[in-house]
Amino acid sequence: MREDLQRSIATILSELGVDVPPDGVSLERPLRAEHGDWSANAALMYAKLLGKSPRDLAGEICERVSGSDLRHLERVEVAGPGFVNFYLSIGWLHDVLRDVINAGEDGYARFDFGASERVNLEFVSANPTGPIHVGNGWWGAYGDSLGRVMARCGYAVHREYYVNDTGRQVRMLGESVLARKSGDEIPDDGYQGEYVTQLAKSYSGPADAMVAGKWASEMILKEIKNTLTSIGIEYDAWFSQASIEESGALNETIDQLRAQGLIEEKDGAIWFLSNTAGLGDSRDRVLIRSDGTPTYLGGDLAYHRNKFLVRGFDRVIDIFGADHQGQVASLKCGMKALGVDTNRLEILIGQMISLMDGGKSGKMSKRLGNFVSLDELIDDLGPDAVRLLALMGSLDQANTLDLDVVRSQSMDNPVYYIQYAYARICSLGRVREERSIKRMPVKDVDLGVLSHPRELELLRVLETMADTVRDACEERAPHKITVWVRKLAAAFHGFYHDCPILSQNEDPGDFALMQARLWLVEGCRIAAAIAFSLLGVSAPERM
RNA sequence: GCCCACGUAGCUCAAUUGGAUAGAGCAGAUGACUUCUAAUCAUCAGGUUGCAGGUUCGAGUCCUGCCGUGGGCGCCA
């Protein structure tokens with residue numbers, strides 16, 4: 001329907017001499033019902049170009065569209081400063097429901113505009129020096145969900161966790177474990193959390209900080225995997241930083257940069273002239289220290305070069321916490337210097353999640369061990385609630401999580417609201433079976449009897465689903481699915497409350513209405529199931 | 001000091017990427033179960049979108065300057 005209207009407007013505009021952009025004219029769903037089902041602002045956009053007043057142009061468009069025989073189109077009006085508003089018969093909504101049912105859970109709101117583009121999606125990548133914290137879970141849920149959404153839109157998504165399994169922090173971890181084991185003081189930069197003590201108890205290897213550190217980080221990584229798995233976050237690859245450094249990839253990267261005169265040795269260290277050479281960085285960066293060990297940036301450049309140039313991904317999306325945003329400029333400079341189109345490197349920055357516990361907010365530190373781990377939160381709230389909470393807002397909104405509020409609300413959490421809608425749908429199915437009520441094939445059912453305000457409201461929400469999935473993908477904003485599914489649940493609960501579905505009356509009219517409502521319910525079930533799967537939230541059949 | 005974000009109802013967050021009268025949930029007030037699950041529904045109340053300018057038919061959204069908050073400015077990661 002949308003496409004029909006867009007095409008129709010585009011044709012009229014081009015007849016009037018406007019170069020219509022390839023992605024079509026803009027068409028929106030007005031917020032207010034009296035502004036129609038669809039609204040076009042083309043007259044406002046092109047009036048100046050054509051030397052006409054917006055309202056005159058709108059009138060002209062209006063007249064020409066009215067003359068066409070678009071399906072479901074009831075009337076067209078000019079409104080406000082020059083909007084063209086389209087009013088449709090409710091039949092178009094019934095068509096939407098039929099589409100949902102025919103396409104089903106697998107096919108509806110599925111796209112192929114991703115065109116199998118190979119996307120490397122990196123997220124979380126927290127150092128395995130301790131349990132992951134709530135912020136990691138937030139960005140993890142976001143990244144995982146984004147991957148699901150992009151996969152549904154036709155991208156070939158490869159999810160990756162970059163494991164920092166080498167370097168100074170691993171050594172510090174090892175020293176901390178050894179200190180706990182021997183009863184010594186933990187070093188100043190060491191890790192003081194309780195988990196270090198636990199690790200020390202079961203460590204039986206040599207008293208070598210690097211060996212102990214590697215062992216400990218492997219143990220911790222296992223726990224991290226368990227934690228992430230428990231909220232439905234899965235990876236295709238756990239990519240080892242050590243493997244990058246050992247493979248010589250860093251040297252290849254440096255050679256490639258050196259060939260362009262972007263490398264300089266100074267004070268025994270190897271520098272990337274990301275600022276001096278005019279690449280736009282705020283300063284030059286060390287890639288290899290004077291002691292011969294690579295810096296984090298050195299490894300990360302080699303890693304990203306590997307993603308683009310060795311493994312040949314078409315697109316790389318990284319989700320970093322705000323505490324890593326200092327890395328962004330350097331990484332982009334590096335990729336540009338290596339010949340990568342930096343439009344293909346998207347770095348999304350997740351703002352920090354601050355926690356309030358017992359009415360006070362404290363700074364969390366992995367080093368001091370005084371942070372709330374993701375595990376604890378999952379134990380408190382359950383995996384679904386954590387996932388949904390994490391996907392409530394956008395990535396660039398700094399979140400405050402008041403643990404007291406979240407805990408006290410746990411029985412009144414948004415997740416139950418949407419899952420309850422699903423459980424009610426499933427319950428209807430069970431009752432229908434019990435009462436031996438048949439559901440006729442949808443092709444034999446007249447959906448046109450759905451005209452109750454609650455039914456129409458619900459259909460209107462269903463109608464926006466496919467666009468919501470597409471927007472969530474294009475804007476890298478999976479939380480839009482959350483916003484949408486809450487609307488769906490609200491519309492469903494209202495419908496359920498006001499419209500009896502399993503009428504026991506044998507009157508033929510009621511039977512027809514019951515059949516149509518049963519299919520409306522099924523359409524909601526399909527849509528909710530899709531949304532839940534994109535969000536990584538379970539769809540309980542009873543609660 | 002410089003760089004990057006963010007600032008929307010008492011609280012937590014949305015807002016069709018520039019659209020028409022800024023929306024939900026929680027918290028507050030009041031009502032609705034003898035029916036398919038009340039973990040629900042309905043009504044009320046709550047706002048100068050941090051402040052001041054600018055751009056245009058139109059700004060929470062874009063530009064400039066302040067103010068506030070967070071993050072970054074290592075041969076840490």
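Below, each value reflects all heavy atoms present in this structure, side chains not excepted, and no hydrogens, waters or symmetry copies.
In this structure, CG of A:Asn85 is placed 13 Å from P of B:rU21, rounded to the nearest angstrom.
Separating the CH2 atom in A:Trp271 from the CD1 atom in A:Ile263 is a distance of 11.5 Å, to the nearest 0.5 Å.
When the C1' atom is compared between B:rA15 and B:rG60, the two are found 9 Å apart, to the nearest whole Å. Taking the P atoms as reference points, B:rA20 lies 14 Å from B:rG58, given to the whole Å. B:rA32 and B:rA14 have their C1' atoms separated by 29 Å, with the value rounded to a whole Å.
Phosphate contact (OP1/OP2 of B:rC75, side-chain N/O of A:Arg283, threshold under 4.0 Å): present. At B:rC36, one or more side-chain N or O atoms of A:Arg435 fall inside 4.0 Å of OP1 or OP2 (strictly under the cut-off). The side chain of A:Arg486 contributes no N or O atom lying less than 4.0 Å from OP1 or OP2 of B:rG23.
Contact of A:Thr482 with B:rA14 (side chain to base): no donor-acceptor pair of N or O atoms is detected under 3.5 Å. Side chain A:Gln325 to base B:rG71: a donor-acceptor pair is found below 3.5 Å. You'll find a donor-acceptor pair under 3.5 Å spanning the side chain of A:Ser290 and the base of B:rC75, going by distance alone.
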Problem set entry | Candidate pair A:Phe239 and A:Tyr303, rule ring pair (Phe, Tyr, Trp, His ring centres under 6.0 Å), full reasoning | CA-CA 9 Å; A:Phe239 202 98; A:Tyr303 174 46; 4.9 Å; yes
For this session: Begin from the C-alpha positions of A:Tyr417 and A:His493 and carry the test ring pair (Phe, Tyr, Trp, His ring centres under 6.0 Å) through to its verdict.
Result: CA-CA 9 Å; A:Tyr417 185 76; A:His493 286 310; 4.8 Å; yes
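Stacking annotation: A:Tyr417 is not stacked on the base of B:rA39 (requires ring centroids less than 5.5 angstrom apart and an interplanar angle below 30 degrees). Residue side chain A:His324 fails the stacking definition with respect to B:rG72, as its ring centre and the base's six-membered ring centre are not both under 5.5 angstrom apart and under 30 degrees in plane angle.
In terms of position on RNA chain B, the residue among A:Asp498 and A:Arg289 whose nearest nucleotide sits closer to the 5' end is A:Asp498.
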